[in-house]
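Notes follow once the structure below has been shown.
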Amino acid sequence: MATVSKTVPLPGSGDQMPVVAYGTWTVFQSKEGEVYSGVKEAIEAGYRHFDTAWVYETEGEMGQAIRDKIEEGAIKREDLFITTKVWDTFHGRERAKQCLEQSLARLGMTYVDLALVHWPFSFKDGEVSFPKDDDGKIILSSHDLLDTWKGMEDCVNAGLTRNIGISNFNSQQIQRVLDSATIKPCNIQIEVNPTLSNEKLINFAKSKNLVVSAYAPLGAPGRTWKESTDPCAIEDPVVTSLANKKGKSPAQVILRWILQRGVCMCVKSLNADRIRQNMDIFNFELSDEEMAQISALNQNFRTYAESCAKEHPEYPFLIEF
């Protein structure tokens with residue numbers, strides 16, 4: 001069987017990052033306590049990487065669940081890998097550090113293992129996640145991306161995070177950061193699923209020694225803005241027939257496809273059975289032909305286009321990759 005390691009070393013620090021992370025973005029729809037329960041369930045199921053962000057509003061429940069499991073003696077902090085992200089309203093050099101300090105306060109932790117710049121564009125400075133004008137349009141800001149990156153480096157130097165990376169950057173933005181960085185990004189988190197295979201950006205990032213992580217690996221089938229005409233990979237006959245053949249769920253087949261591409265991922269569910277299923281993907285494999293069948297489902301269909309920022313000069317999706 002093609003072996004897929006459960007961890008990957010990060011360039012720079014050499015820290016081992018678990019390839020499957022439990023994600024906690026709930027489209028702001030979770031009821032109080034659900035993320036707390038989900039994180040505890042995920043720890044029991046063997047997850048050791050937990051992904052959150054300032055904007056998700058889940059850092060508090062996630063941190064409490066982790067602290068409670070540590071107190072129970074189930075895990076130690078050093079067994080875990082915690083990722084969070086600096087939000088668009090904190091893109092000034094000093095602000096980036098303030099954002100991470102706020103995240104750590106919510107998490108109840110002294111450091112995270114990885115901090116990412118959530119998006120390359122910036123919104124008006126402040127504590128409001130999506131600042132809007134009187135017409136309901138997002139108020140954009142014009143921070144230099146390289147200034148933001150200096151703020152991320154400051155966070156490493158202050159001991160607030162062990163590693164830093166980026167999210168949703170295109171190839172040109174990645175190169176600009178690499179060209180100016182004192183501490184280079186070690187990880188990039190991007191949307192990857194069968195209907196957005198993102199092959200060119202993945203290959204580019206890997207060629208620059210970045211570990212790639214996928215979000216929305218199943219195409220976010222439960223998203224509130226889904227249109228009836230949108231493609232849905234977990235319902236595609238190619239995926240469902242492979243699932244039947246392997247004795248696995250369609251979701252497990254897709255997650256395995258991502259792992260075998262050498263890509264890490266964030267999976268999220270508040271359902272105990274699915275939390276466990278999403279981790280049960282290391283005991284089967286897809287052949288080269290089966291991998292190609294799933295890859296052929298690509299439509300360059302982006303679930304998270306973040307179109308509210310389309311007018312920002314750093315909007316990342318106006319070039320091919």
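Only a predicted model underlies this, so the values are computations on that prediction, with no experimental measurement involved.
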Give, for atom [atom1] of [X] and atom [atom2] of [Y], the distance between the pair rounded to the nearest 0.5 Å.
X	Y	atom1	atom2	result
C155	N163	SG	CG	12.5 Å
E199	N300	CD	CG	11.0 Å
Q252	R256	CD	CZ	11.5 Å
N170	I319	CG	CD1	3.5 Å
M152	T148	CE	OG1	9.0 Å
S171	I188	OG	CD1	9.5 Å

Is the number of heavy atoms from other residues, nucleotides or ligands within 6.0 Å of [atom1] ([X]) greater than 12?
X	atom1	result
R274	CZ	no
K69	NZ	yes
K200	NZ	no
D288	CG	no
E289	CD	no

Practice problem: Kindly indicate, with the supporting measurements, whether the criterion side chain to side chain contact (heavy atoms under 4.5 Å, CB included) is fulfilled by T303 and W225. | Solution: CA-CA 9 Å; T303 305; W225 61 95; 4.2 Å; yes

Connected via hydrophobic side-chain network under 4.5 Å: [X] and [Y]:
X	Y	result
L318	L196	no
I294	L255	yes
F301	I258	no
V128	F123	no

Between [X] (side chain only) and [Y] (backbone N and O only), is there a donor and an acceptor less than 3.5 Å apart?
X	Y	value
D230	E227	yes
Y22	S269	yes
N168	W119	no
D51	C266	no
R261	S197	yes
S37	E34	no
E235	C232	no
Q173	E314	yes
R67	M62	no
T89	G126	yes

Short N-O contact, [X] and [Y], less than 4.0 angstrom:
X	Y	result
K124	D88	no
K40	E72	yes
E311	K137	yes
E290	K246	yes

Exercise. Scan for ring pair (Phe, Tyr, Trp, His ring centres under 6.0 Å) pairs involving residues 164-222, sequence neighbours excluded, and state none if there are none.
Key: Y215-Y304

Between [X] and [Y], does any side-chain donor sit less than 3.5 Å from a side-chain acceptor?
X	Y	value
T84	E59	yes
Q260	E285	no
K248	Q277	no
S141	H91	no
S295	W257	yes
N193	T195	yes
S213	N187	yes
T52	T58	yes
W54	Q102	yes
Y36	D68	yes

Exercise. May I have the step-by-step check of side chain to side chain contact (heavy atoms under 4.5 Å, CB included) for T83 and L116, ending in yes or no?
Key: CA-CA 8 Å; T83 298; L116 307 175; 4.1 Å; yes

Practice problem: Kindly say whether the aromatic ring centers of Y56 and W87 come within a distance under 6.0 Å. | Solution: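 Between W87 and Y56, which both carry aromatic rings, the centre distance is not below 6.0 Å.
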
A side-chain contact here means heavy atoms from C-beta on lying under 4.5 Å apart; do [X] and [Y] qualify?
X	Y	value
T7	V19	no
I82	R77	yes
M265	L259	yes
L104	T110	no
K85	V117	no
C264	V8	yes
P217	V192	no

Practice problem: Could you tell me which residues satisfy salt bridge (Lys or Arg N to Asp or Glu O under 4.0 Å) with E191, sequence neighbours excluded, listed by chain and number? | Solution: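 E191 satisfies salt bridge (Lys or Arg N to Asp or Glu O under 4.0 Å) with no residue once adjacent residues are dropped.
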
Quiz item: Among all residues two or more places apart in sequence or in another chain, which pass the ring-ring contact (aromatic ring centres under 6.0 Å, His included) test with H143?
Solution: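 None.
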
Exercise. Kindly write out the residues that satisfy ring-ring contact (aromatic ring centres under 6.0 Å, His included) with Y315, not counting sequence neighbours, or none if the list is empty.
Key: F317

Practice problem: Could you walk me through whether I138 and L140 pass the side chain to side chain contact (heavy atoms under 4.5 Å, CB included) test, one step at a time? | Solution: CA-CA 6 Å; I138 292 286; L140 304 175; 3.8 Å; yes

Practice problem: Measure up the H312 and F121 rings against each other and bin them: parallel (under 30°), tilted (30 to 60°), perpendicular (over 60°). | Solution: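 Tilted, since the angle between the ring planes falls between 30° and 60°.
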
Exercise. Just grab all the salt bridge (Lys or Arg N to Asp or Glu O under 4.0 Å) pairs involving residues 13-24, residues at least two apart or on different chains.
Key: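 Salt bridge (Lys or Arg N to Asp or Glu O under 4.0 Å) check on residues 13-24 returns D15-R162.
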
Self-check item: salt bridge (Lys or Arg N to Asp or Glu O under 4.0 Å) contacts in which one or both residues fall within residues 139-159, not counting sequence neighbours
Solution: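 The answer is R93-D154.
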
Quiz prompt | Residue among V112, I43, T24 satisfying side-chain contact (heavy atoms from CB on, under 4.5 Å) with F50 | solution = I43

Quiz item: Looking at F282, does the NZ or CZ of K6 lie under 6.0 angstrom from its six-membered ring centre and within 45 degrees of the ring axis?
Solution: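 Judged by the rule, K6 and F282 form a cation-pi pair.
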
